[in-house]
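To keep things clear, I will list the structure first and then write my remarks on it.
Everything numeric here is computed off the predicted structure, so don't read it as measured data. Lettering of chains follows the sequences in order, A, B, ..., and the numbering in each one begins at 1.
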Amino acid sequence: MTLLRRYGTLLALALIIAVFAVASPGAFGSMANLVNITQQMSLLAIVAIGATLVMVVGEFDLSVSAVVSFAGIAAVSLFGAGFSIASVFALVLVTALAMGTVSGLLVARFAVPSFIATLAFGTIIGGLTFWISDGATLFSGIPPAFRDLGRGALFGLPVPTLWLIGTAAIVWLLLDATEFGRRLYAIGGNREAARLVGLPVRRDMVIAFALSAGLAALAGLLLAARLGSAHPTGGGGYLLSAYAAVFLGMTAFREGEPSVPGTLVGAAIIAVVSNGLTILGVPSFLQDLMTGAIILAAVLVRQFGRAGD
Amino acid sequence: MTLLRRYGTLLALALIIAVFAVASPGAFGSMANLVNITQQMSLLAIVAIGATLVMVVGEFDLSVSAVVSFAGIAAVSLFGAGFSIASVFALVLVTALAMGTVSGLLVARFAVPSFIATLAFGTIIGGLTFWISDGATLFSGIPPAFRDLGRGALFGLPVPTLWLIGTAAIVWLLLDATEFGRRLYAIGGNREAARLVGLPVRRDMVIAFALSAGLAALAGLLLAARLGSAHPTGGGGYLLSAYAAVFLGMTAFREGEPSVPGTLVGAAIIAVVSNGLTILGVPSFLQDLMTGAIILAAVLVRQFGRAGD
Amino acid sequence: VDIAVLTPYQSSVATNQMIKVFEDKARAAGWNATVVDTRGDMGQLASRIEDVTAAKVGAIVLVSVDPKQIQDQVSAAAAAGIPVVTIDGATAPGVALNVTSDNFELGTKLSDFLFDKLGHKGNIVKFYYSAHPGVHQRELALDAALKKNPDIKVIAEHYMVVPGPIDDARKTTEDLLKSQGDQIDAVWAAWDEPAIGAELAIEADKPDSKIIIAGIDGNPQAVELIKSCSHIKGTVSQDFDAMAGLAADGLTKILAGQKPEKAELYAPAKLITPETLGVTCP
Amino acid sequence: MTGGSEGHQPFLVLDGITRHFGATRALDGADFGVAPGEVHALVGENGAGKSTLIKLLSGLYQPGAGRILIDGEPAVISGPPAAEALGFRFIHQELNLVPHFDAVGNAWIGRRHPRRGPFLDRPAMRAHVAAVAARIAPDLPLDRPAVRLTPGQRQMAEIVRALMTEARLVVMDEPTSSLSETEAERLHTVVRQLAASGTAVLFISHRLDEVMALADGYTVLRGGRTVGAGRIREIDRAGLVRLMSGGSASTGSAAKTDRPLSAGATVLAADIAFGPAGARARLDIAAGEIVGLYGLVGAGRSALLKALWGAVPAHGIMRLAGRPLAGGPAGRIAEGVIYVPEDRRREGFAGALSIADNLALAHLSDFRRAPRLPMPARRKIDAFARQVGARLRLVAASLDRSPLTLSGGNQQKLLFGRWLGRPVRLALIDEPTRGVDVGAKAEIHDEIRRLADAGAGVIAATSDIEELMALSDRVLVMNGGCIVADLAGALLTRDAVVAAAFGHASADLSQPQNQAAAVA
Ligand SMILES: Nc1ncnc2c1ncn2[C@@H]1O[C@H](COP(=O)(O)OP(=O)(O)OP(=O)(O)O)[C@@H](O)[C@H]1O
Ligand SMILES: Nc1ncnc2c1ncn2[C@@H]1O[C@H](COP(=O)(O)OP(=O)(O)OP(=O)(O)O)[C@@H](O)[C@H]1O
Ligand SMILES: O[C@@H]1[C@@H](O)[C@@H](O)CO[C@H]1O
Ligand SMILES: [Mg+2]
Ligand SMILES: [Mg+2]
């Protein structure tokens with residue numbers, strides 16, 4: 001019972017995988033497909049890990065999807081202007097960190113509710129992206145070496161999966177094993193207490209927002225690499241799914257706290273369900289019905305473990 | 001200074017209107033246009049007023065856009081099946097109330113975080129909507145009398161404006177002048193304290209979610225009436241804007257609490273800005289930049305009033 | 001003259017291209033065109049038409065939208081004496097001119113091309129998006145073509161996620177390759193973006209397969225891919241340039257007080273294949 | 001005007017400090033000084049400005065006028081980091097722990113964590129905290145998140161936190177308000193040790209006996225002004241009370257008033273299993289009786305009261321005047337049961353509502369415009385709030401403000417005040433006077449006695465043994481989740497109560513094995 005309560009959502013993920021594997025042993029259950037799922041979830045998970053950092057301090061960053069789109073468009077434009085891959089990465093990531101810093105300052109320094117601050121600032125970023133791209137999908141001038149950063153495999157693992165593993169490991173260590181991470185959790189847990197003991201609340205919050213935007217930009221770069229094109233609203237789909245992953249993850253482990261392992265479980269549930277349902281050939285509308293139902297079930301599992309209390 | 005702090009966002013709205021009126025006295029500043037803005041903001045405001053109820057108890061309802069779309073599609077389908085206007089209204093609204101009740105129960109009874117509960121349940125509603133509509137925009141069979149519920153004017157005011165006035169008045173009374181409203185604010189302020197003084201916390205939360213869905217459905221019906229068509233994702237645009245209105249409104253009056261007048265101010269800012277910028281012929285991407293900037297400015301005004309403290 | 005160009009789909013590749021060409025023509029004609037995009041939101045679109053009507057613009061150009069979805073506002077604009085022209089739209093009361101491709105015909109061309117390639121026998125995957133009335137017409141054309149070709153089977157169909165159709169199609173195709181990769185013979189894409197996504201997945205997971213893909217639009221990225229002998233073997237190109245041009249010409253006449261000789265003009269659709277591009281693929 | 005330890009000059013001096021909140025003059029010319037190695041008591045009625053003064057020292061507020069001198073030099077304490085850097089440590093009145101962190105995690109926030117390389121050294125973190133806790137709070141569960149600690153345990157966690165590192169000044173704002181006798185004693189020992197090692201301790205308490213026993217010097221605040229200061233051995237309890245109240249007669253001594261015991265029929269008969277580990281309790285409360293509930297921190301008093309209030313699941317029989325109790329808190333309110341929670345911040349108020357609305361919340365339907373119209377009448381609510389405020393001598397600038405702007409003691413009065421004027425059959429009261437000044441404490445005791453005299457059964461859980469002895473006709477002692485003693489009449493002595501509470505000192509309700517031990 002405690003097991004169910006503590007690891008309910010994780011068990012739910014295992015159960016979902018098991019059910020799909022039984023329903024479709026050859027296609028879904030194949031090693032190749034399972035590895036492929038890690039690749040399919042990777043960009044979403046990277047964005048969600050960024051969102052996790054901001055959720056840890058108790059805020060929302062609704063500009064992530066705008067930053068994903070921006071990063072792709074900016075990168076392809078810069079390639080068009082002749083920049084090298086390394087400098088494109090550097091420029092785009094630094095710009096994104098700066099954008100995140102602005103959001104963070106609005107929230108931490110000027111006390112604008114993060115929901116409205118990042119929504120408004122995201123709108124501004126969206127306008128910028130439209131301006132740069134003229135609203136068009138950009139695809140020419142992308143160096144093949146850049147494309148390889150988002151596709152293919154290395155050591156038997158898809159490249160995006162490797163990016164995810166790296167990102168997740170770093171942020172997980174940061175949150176779980178460093179003083180910075182403890183501070184972020186303290187700020188999220190009780191901002192007043194954090195302030196009273198003299199933590200640099202504002203600075204740390206700004207860093208969390210900056211990192212969130214940085215990771216969103218990384219995902220945007222990888223998306224452009226993977227698709228070989230950049231679309232001015234290409235990141236649109238990431239916002240709600242990223243938060244779904246974070247919230248699912250919050251129900252996965254410790255009492256309702258956002259965490260990197262939790263977010264990974266959340267992103268995995270989302271990816272597995274959509275992969276599995278597509279492989280089983282479930283029609284679109286039923287996929288929606290089932291996705292919603294499975295996610296609810298995954299969260300509710302915990303409650304049954306709790307009933308014993 | 002206190003004035004700026006207490007009514008900052010409201011003053012910002014006044015200022016925005018003034019600036020546009022000076023820039024375009026004939027087109028923007030005309031009585032006809034100002035009246036028209038009330039009509040343009042009405043559906044968003046109705047959705048946002050529903051979201052306000054849920055925000056008052058400290059939760060999110062992310063299924064509102066799914067309910068808006070559902071209501072339109074369900075209505076047009078029911079007309080196709082020969083139902084009368086009154087029975088379509090009744091059926092759709094009752095269904096929406098039931099949907100809201102489910103969300104509410106998930107949150108209040110089963111302690112599922114509202115973010116994930118309503119997102120997942122919204123996905124299910126979306127699936128249902130697709131199923132009914134087959135994913136297509138529905139046009140045919142809409143009785144003209146139904147369409148008149150969402151267009152035209154009565155007593156010199158556009159019909160949607162009248163719906164908004166009615167809705168806002170009722171919900172405002174409910175929140176501000178009834179025991180139910182006090183209870184909702186108490187629940188939002190401190191759920192545990194509310195529970196310990198014997199308030200029916202769960203029941204009231206469920207009612208808040210039900211009303212939110214009901215109002216979203218009303219907006220969906222009016223949208224279908226206004227457009228004479230129903231689109232399976234026609235409500236998609238309402239989610240973020242509705243919450244933007246609520247959050248803007250929270251900065252407008254009393255310290256950070258959601259309220260009907262606040263939400264109206266928020267919705268009005270959004271509507272005025274897009275109306276004004278369009279009338280001035282500002283191009284799309286610049287509209288985004290300016291919308292974001294104006295909203296930020298409207299929220300930041302308060303901070304300057306605060307600096308005096 | 002101020003011209004208001006309104007669309008819910010500015011970031012859609014084809015729509016974007018039409019708008020750009022139209023803007024060029026407008027500039028050449030000395031008009032002042034501003035573009036308003038409502039991100040797929042029809043309610044917003046209705047409001048924005050009201051706004052430009054209130055601003056008394058010289059003309060309204062609607063792109064990639066069926067005016068029947070916003071009939072009242074179109075009628076009100078027309079009643080206010082503002083000419084309404086649609087590109088990639090449909091005829092409706094109040095619309096002075098619609099320049100479009102015949103979407104049903106586009107769908108028929110696409111289906112016929114694919115079915116011919118398959119020898120009228122085989123399994124296809126269908127990527128569609130019925131919410132868009134124009135795109136929906138193409139699906140109806142597919143249904144009609146399927147009736148005539150009983151040996152062609154739709155073994156999977158996917159309703160596209162918009163925005164983000166390329167990535168969505170890519171993921172979905174990856175999944176379908178896993179489950180029924182051996183049975184799929186062709187991908188029928190209601191427009192080119194899903195086709196591009198499908199190509200990305202096939203190129204990554206099954207580069208040697210014989211699956212062929214075809215779409216609609218003549219999207220430059222798709223054309224590029226056809227040229228490079230990918231699995232995309234065809235796209236029914238809409239002549240967006242011609243459409244925008246015809247619309248601009250029509251508008252010039254209307255603004256000069258003349259009536260366009262026809263209320264609806266079709267831009268010719270033509271099939272683009274490796275052959276028409278002059279490449280020979282292995 | 002400033003007190004100082006003989007031989008030592010004050011190193012910290014406040015001179016003519018003011019701090020206003022709108023029209024409220026929280027501090028209005030306060031003077032104060034503390035020397036190294038001195039235990040200095042800061043006393044005053046509720047709302048006198050004590051906590052505000054502390055917040056100035058911690059850099060949370062800046063003074064309006066006046067000077068802060070450190071080592072003779074004017075100083076600006078710009079914020080909490082500056083106060084930390086000065087070597088000032090604080091235990092604020094309203095506890096401030098991170099809910100999901102355990103005591104170890106909480107102890108380290110804001111400190112330089114032990115590390116291995118760039119990473120946290122968790123074993124070292126825990127070992128260090130455990131060493132501090134062993135001295136002062138040996139029973140504190142170190143691995144339980146703060147959300148699941150009782151207020152007393154949270155208070156201990158805060159104390160542990162404040163004592164983690166060398167300090168020049170340790171400020172404790174009512175640190176013992178939810179500790180029982182023994183635990184407070186332990187804290188006193190540590191405070192004396194700290195002082196002996198040269199640390200200055202600023203101690204705020206409404207328990208004047210504790211102040212008399214512990215402090216070297218004192219400062220009395222009234223209405224934001226320093227009205228007296230000096231050596232504690234040169235003044236007596238009554239003198240302190242006079243200074244605090246401005247000369248009004250009440251000594252505020254918690255003497256037992258003789259009450260004719262008209263113990264009537266049984267009001268409450270309960271035999272229930274409750275709490276995380278299913279502890280069992282049997283009790284009978286008679287009409288007109290005041291039953292004190294005593295125990296060490298974490299003994300299960302609050303859990304029992306919540307179970308009786310229907311706010312947490314409990315199994316078994318609960319009868320009110322013979323009829324089963326049902327329907328959760330609302331059902332109980334309807335039957336004339338009332339409840340005062342112990343944790344005012346988390347369980348007491350809805351911060352979004354005004355003081356008046358909070359007072360009305362539990363029985364909103366009493367304030368309707370018309371009996372069938374569920375719309376509260378502002379006028380009626382305000383009248384009720386004014387009445388309650390007058391009766392409990394509430395110090396509040398306006399009843400329209402949030403209760404969170406009130407001083408701690410005044411907040412506490414509201415929790416009790418919301419039930420005034422209603423017919424009561426059974427009162428469940430958890431720590432009724434936590435942080436309440438002596439004068440108001442006497443008022444609240446009178447109110448409780450009045451309830452009993454009117455025929456209500458009263459259960460009052462308290463950690464203050466003075467209060468327990470003064471108030472109770474009968475005392476139930478809890479330990480490890482069980483009632484281990486039922487003392488009345490001649491058997492009811494201080495020693496007997498303390499001995500019973502100590503029966504199983506390390507018992508912990510959430511650990512079943514202790515549970516078994518307690519039953520055996
Ligand atoms: N943030 C605030 N806003 C408005 N008034 C305040 C605020 N903080 C304190 N006050 C007022 O200042 C006065 C002094 O409060 P303070 O908390 O310092 O009293 P205290 O001496 O600590 O009382 P207690 O013994 O009850 O804790 C009170 O009247 C209180 O209502
Ligand atoms: N939700 C919970 N989960 C686990 N243990 C809990 C929980 N709530 C309380 N406890 C534990 O149960 C025990 C009894 O708590 P209770 O609040 O009844 O104690 P108390 O006698 O009122 O003490 P205090 O004087 O500190 O308020 C404590 O050891 C506490 O840590
Ligand atoms: O006609 C085009 C379609 O081909 C597709 O590109 C989507 O946008 C529409 O307007
Ligand atoms: Mg105080
Ligand atoms: Mg207790």
Is there a donor-acceptor pair closer than 3.5 Å between any side-chain N or O of [X] and the backbone N or O of [Y]?
| X | Y | result |
| --- | --- | --- |
| C/Asn219 | C/Gln221 | yes |
| C/Ser101 | C/Asn103 | no |
| B/Ser69 | B/Gly235 | yes |
| B/Ser229 | B/Phe139 | no |

Aromatic plane relationship, C/Tyr159 with C/Tyr129 - under 30° parallel, 30 to 60° tilted, over 60° perpendicular | tilted
Structural part of [X] lying under 4.5 Å from a heavy atom of chain B:
| X | result |
| --- | --- |
| C/Glu139 | neither |
| C/Lys68 | both |
| C/Asn32 | neither |

Please name the residue in the list B/Ile269, B/Leu248, B/Val273 that meets the side chain to side chain contact (heavy atoms under 4.5 Å, CB included) test with B/Leu13.
-> B/Ile269
Let me know which of C/Val236, C/Leu146, C/Leu142, C/Leu106 forms a side chain to side chain contact (heavy atoms under 4.5 Å, CB included) with C/Ser111.
-> C/Leu142
Looking at [options], which makes the most heavy-atom pairs under 4.5 Å with chain C?
| options | result |
| --- | --- |
| B/Ser274, B/Pro232, B/Pro283, B/Ala271 | B/Ser274 |
| B/Phe130, B/Tyr238, B/Phe28 | B/Phe130 |
| B/Leu227, B/Leu277, B/Leu44 | B/Leu227 |

Identify which of [options] forms the greatest number of heavy-atom pairs closer than 4.5 Å to chain B.
| options | answer |
| --- | --- |
| C/Gln44, C/Arg48, C/Gln10 | C/Arg48 |
| C/Val35, C/Leu45, C/Asp41, C/Val57 | C/Val35 |
| C/His136, C/Gln71, C/Arg39 | C/Arg39 |

For [X], is it the side chain, the backbone, both or neither that has a heavy atom under 4.5 Å from a heavy atom of chain C?
| X | result |
| --- | --- |
| B/Leu43 | neither |
| B/Asn275 | both |
| B/Thr233 | side chain |
| B/Arg151 | side chain |
| B/Asp288 | side chain |
| B/Gln40 | both |

Answer whether the closest heavy-atom distance between the side chains of C/Asp37 and C/Ile19 falls below 4.5 Å.
-> no
Using distance alone, with no hydrogens and no angle criterion, decide if C/Thr15 and C/Thr7 have a side-chain donor and acceptor under 3.5 Å apart.
-> no
C/Asp241 and C/Gln17: side-chain donor and acceptor closer than 3.5 Å?
-> yes
